[in-house]
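Here the structure comes first, spelled out in structure tokens, and everything after it is commentary.
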Amino acid sequence: MALVTYAEAIVQAHREEMQRDPTVFALGTDIAQYGGSFKTTKDLWKEFGLERLLNTPISEGGITGAALGAALAGMRPVADLHYIDFCTVAMDQIVQHCAKISLMTGGHAKAPLVIRVQGGGGKSNAAQHSQSLEAWFAHVPGLIVVQPSTPYDAKGLLKSCIRDDNPVMFIEHKGLYNMKQEIPDGEYLVPIGVADVKRVGRDVTVVATSAMVHVALKVASTLAERGIEVEVVDPRTIFPLDEETILASVRKTHRVVVLHEAVRRHGIGAEIAAMIQEKAFDDLDAPVMRVGGKETVIAISPILENAAIPSEADLIRAIEQVTYRSIAA
């Protein structure tokens, strides 16, 4: 086992897959000598050269279009678009072409590409660099959408996504890049579409995504001291969603809170809540609660930004509602 950061885990996944398969390459702005904005391709160019670590112009549409063309020609590109907010200028390529090409050709054409982006707030990057837009992409047939919350998951999932024959939106979180965790020295894969129970509990299930997994785990530790055992389920893959693991937890605890950083309205939490209501209604002892970001853009002010992002207190209030008990501060 080795202690590595989330960013280093991403580098390792690139390196191992590029060593294993010569068709794998990466492209994006400043990803070679500079190592990417978040150092997630650091020093890879020294080993693989500038033909497999391609520095590109600042054109997200061009990066995505080039990646799709390479994928259709038999390569396995990993396109780094940096902030998820920058996908707004590449939506035609992502939604109209990457997501649809296999379906529109009856499977004769494949688009095995990964589009790496990072979302979320907490770093005072302001409104145009701090959004959580995973629900946009989860709504589009043809796209796989992944949100790893730990270094272990980030490495294992990225390797699986690079090997997959479908286009993948691989959404990292800027607040997690320095997080450290022990991960195996050898190769391992985390399967796409399989959730992970990050903490076992009996009283209430919290289904949390990305950085909010760690908010849920902190709350679970706090509430355990007060006699409430919280089960934390991390979907890891937003689509395809592991319904079985979520439903198994619901049928055990009978109470659910869904937690994500994105604005609550029309977020992925609504889909998860609807799925639970449709498939496990009789197992519920309380309505499914959703906790999400406030209905506002993210401000550059740390105080205003923190007010917009779900907090531990927000989650505790929701748990109070589904457990019908007051939790003393």
Side-chain angles (χ1 to χ4, degrees), residues 132-147 149 153 171 191-220 222-224 226-295 310-327:
S132 300
L133 303 176
E134 63 274 6
W136 286 13
F137 302 103
H139 187 69
V140 178
L143 294 178
I144 291 171
V145 184
V146 174
Q147 279 192 296
S149 67
D153 291 342
I171 306 173
I192 296 169
V194 178
D196 185 36
V197 178
K198 291 287 195 278
R199 180 181 175 120
V200 175
R202 65 175 184 272
D203 296 317
V204 58
T205 296
V206 175
V207 182
T209 61
S210 192
M212 290 294 107
V213 170
H214 303 286
V215 172
L217 290 171
K218 288 180 181 178
V219 167
T222 298
L223 297 190
R226 303 171 193 173
I228 300 174
E229 293 295 332
V230 178
E231 182 149 296
V232 179
V233 180
D234 177 3
R236 300 195 291 198
T237 304
I238 301 303
F239 185 83
L241 184 68
D242 182 358
E243 297 182 359
E244 291 184 8
T245 298
I246 295 171
L247 291 172
S249 181
V250 171
R251 289 169 179 141
K252 178 173 66 173
T253 67
H254 309 291
R255 296 172 172 83
V256 193
V257 177
V258 186
L259 171 67
H260 57 68
E261 187 172 332
V263 173
R264 180 176 178 272
R265 175 170 54 90
H266 298 300
I268 188 64
E271 174 63 25
I272 294 173
M275 181 274 292
I276 293 170
Q277 183 274 141
E278 290 171 352
K279 298 186 177 183
F281 180 79
D282 291 337
D283 295 288
L284 293 172
D285 289 341
V288 179
M289 297 296 297
R290 291 178 293 145
V291 178
K294 305 299 188 297
E295 190 78 16
S311 66
E312 294 175 36
D314 294 329
L315 178 56
I316 288 174
R317 281 192 291 270
I319 292 174
E320 285 181 324
Q321 289 183 270
V322 298
T323 58
Y324 302 115
R325 59 192 292 183
S326 177
I327 302 170

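Positions are given from 1, in the same order as the sequence printed here. Fair warning: this is a prediction, and the values are worked out from it, not measured in the lab.
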Locate the shortest heavy-atom distance separating [X] from [Y]; write the atom from each residue and the value.
{"X": "Arg325", "Y": "Gly227", "value": "NH1-O, 4.5 Å"}
{"X": "Arg199", "Y": "Ala220", "value": "CD-CB, 3.5 Å"}
{"X": "Ala224", "Y": "Glu229", "value": "CB-OE2, 3.9 Å"}
{"X": "Asp153", "Y": "Arg236", "value": "OD1-NH1, 2.9 Å"}
{"X": "Lys252", "Y": "Val200", "value": "NZ-CG1, 3.7 Å"}

List in chain and number order the residues that pass salt bridge (Lys or Arg N to Asp or Glu O under 4.0 Å) with [X], two or more places apart in sequence or in another chain; answer none if no residue qualifies.
{"X": "Asp234", "value": "Lys198"}
{"X": "Glu271", "value": "none"}
{"X": "Arg265", "value": "Glu295"}

Item checked: Heavy-atom neighbours of Tyr324 OH exceed 12 at 6.0 Å -> yes

Show which side-chain atoms of residues 204-213 pair as donor or acceptor with protein atoms under 3.5 Å away, not counting sequence neighbours.
residue	atom	partner	partner atom	Å
Thr205	OG1	Ser249	O	3.4
Thr205	OG1	Ser249	OG	2.5
Thr205	OG1	Thr253	OG1	2.8

Margin query: Please enumerate all residues that pass side-chain contact (heavy atoms from CB on, under 4.5 Å) together with Pro240, with sequence neighbours excluded.
Written below: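 Counting only residues at least two positions away or on another chain, Pro240 forms a side-chain contact (heavy atoms from CB on, under 4.5 Å) with Ile144, Ile192, Thr237.
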
Spacing of [atom1] belonging to [X] relative to [atom2] belonging to [Y], to within rounding of 0.5 Å:
{"X": "Ile319", "Y": "Leu223", "atom1": "CD1", "atom2": "CG", "result": "5.0 Å"}
{"X": "Arg251", "Y": "Ile246", "atom1": "CZ", "atom2": "CD1", "result": "11.5 Å"}
{"X": "Arg290", "Y": "Ile272", "atom1": "CZ", "atom2": "CD1", "result": "11.0 Å"}
{"X": "Thr323", "Y": "Asp285", "atom1": "OG1", "atom2": "CG", "result": "11.5 Å"}
{"X": "Lys218", "Y": "Glu312", "atom1": "NZ", "atom2": "CD", "result": "5.5 Å"}

Taking C-beta and beyond as the side chain, do [X] and [Y] meet within less than 4.5 Å on heavy atoms?
{"X": "Val288", "Y": "Gln277", "value": "no"}
{"X": "Val194", "Y": "Thr245", "value": "no"}
{"X": "Val322", "Y": "Val256", "value": "no"}
{"X": "Pro310", "Y": "Leu259", "value": "yes"}

Kindly list each side-chain donor-acceptor pair under 3.5 angstrom involving residues 133-140, sequence neighbours excluded, with atom names and distances?
none

Check: Does the His260 side chain pair with the main chain of Gly292, one donor and one acceptor, at a distance under 3.5 Å?
Finding: no

Check: Has the side chain of Asp242 got a donor or acceptor atom that lies under 3.5 Å from a matching backbone atom of Pro235?
Finding: no

